[in-house]
Amino acid sequence: MEIPVTISEILHILKAAGIVARSTDIDIEDMGVPHEAPKSLPKGKTAVYMFFYGNDAVKVGKVGSRSKARYTSQHYILKSAKSSLANSIVKEGVSFELTSDEKADPSGWIKSNTRRINILIDVQLGPNALNLIEAFMIAKLNPTFEGYNSQRLPKPQR
């Protein structure tokens, strides 16, 4: 699977919204599969992060420059936050076929079975840029665990 977005696409949507950005303001980091949770959010950055299972996006989220735990650990730890990937997989992820040990602690399963891609954004672009990039990625990828079940679009049949 290719990286689902390019820096030029991001710059294009920012420009359409009147946000001036340069290619050096954005970095795309593919952590691969398996991956390790990031140790920290780089100083002066905000981020949009995406998790994939196979070719399907399962989670897209954003984090401000002061939300280290959201970026580094919450999505891997059950009950660390209401809308974490770990909670969603255990609660709603029947198709993931987790063992009872993995349901109790899905961290290792997430690291071994999902691909994580981060879009790192210079904090000086501001919260509107962060919000727009997250919304663009949600619209483009239709992640499995976005919003409430009743709000989700069905996945296309393959």
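We're numbering straight along the sequence, starting at 1.
- The two residues L78 and P106 have their closest heavy-atom pair at CB-CD, 4.1 Å.
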List the atom pairs, with distances to 0.1 Å, where a side-chain N or O of residues 121-133 and a protein N or O form a donor-acceptor pair under 3.5 Å, not counting sequence neighbours.
residue : atom : partner : partner atom : Å
D122    : OD1  : Q124    : N            : 2.9
N131    : OD1  : K62     : NZ           : 2.5
N131    : ND2  : P127    : O            : 3.2

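- Separating the NZ atom in K43 from the OG atom in S65 is a distance of 9.0 Å, to the nearest 0.5 Å.
- M31 and I117 end up in different hydrophobic clusters when Ile, Leu, Val, Met, Phe, Trp and Tyr side chains are linked at under 4.5 Å.
- Around NZ of K111, the count of heavy atoms belonging to other residues, nucleotides or ligands within 6.0 Å exceeds 12.
- Side chains of K59 and S83 form a contact here, defined as non-hydrogen atoms less than 4.5 Å apart.
- Between the CG atom of N87 and the NE2 atom of H75 there is a distance of 10.0 Å, given to the nearest 0.5 Å.
- When side chains are defined from C-beta on, T99 does not count as touching W109, because their heavy atoms never get closer than 4.5 Å.
- Nearest heavy atom pair, residue K45 against residue D25, reads NZ-O, 4.3 Å.
- Residues forming a salt bridge (charged side-chain N to carboxylate O under 4.0 Å, His left out) with D27 (at least two apart in sequence, or on another chain): none.
- Between V60 and M137, the shortest heavy-atom distance links the atoms CG1-CB, 4.0 Å.
- Distance check: T46 OG1 to L41 CG gives 7.5 Å after rounding to the nearest 0.5 Å.
- Contact between N113 and V33 at its shortest, heavy atoms only, is C-CG2, 3.7 Å.
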Output side-chain donor-acceptor pairs under 3.5 Å for residues 8-17, partner residues at least two apart or in another chain, one line each.
residue : atom : partner : partner atom : Å
S8      : OG   : T6      : OG1          : 3.0
E9      : OE1  : T6      : N            : 3.0
E9      : OE1  : K140    : NZ           : 3.1
E9      : OE2  : K140    : NZ           : 2.9

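- Using the six-membered ring where Trp is involved, F96 and F145 have ring planes that are tilted, between 30° and 60° apart.
- To the nearest 0.5 Å, the span separating CZ on R115 from CG on D56 amounts to 12.5 Å.
- Under the 4.5 Å side-chain criterion, counting only non-hydrogen atoms from C-beta, P38 is in contact with R116.
- If you take CD on E2 and CG on D30, they are separated by 11.5 Å, rounding to the nearest 0.5 Å.
- Atoms CD1 and OG, from I89 and S84 in turn, are 8.5 Å apart once rounded to the nearest 0.5 Å.
- Tested against L85 for a side-chain contact (heavy atoms from CB on, under 4.5 Å), the candidates I110, I77, T144, V90 yield a single pass: I110.
- Looking at heavy atoms from C-beta onward, L120 lies out of side-chain contact with I26 at the 4.5 angstrom threshold.
- By the 30° and 60° cut-offs, the orientation of the rings of F51 relative to H35 is tilted.
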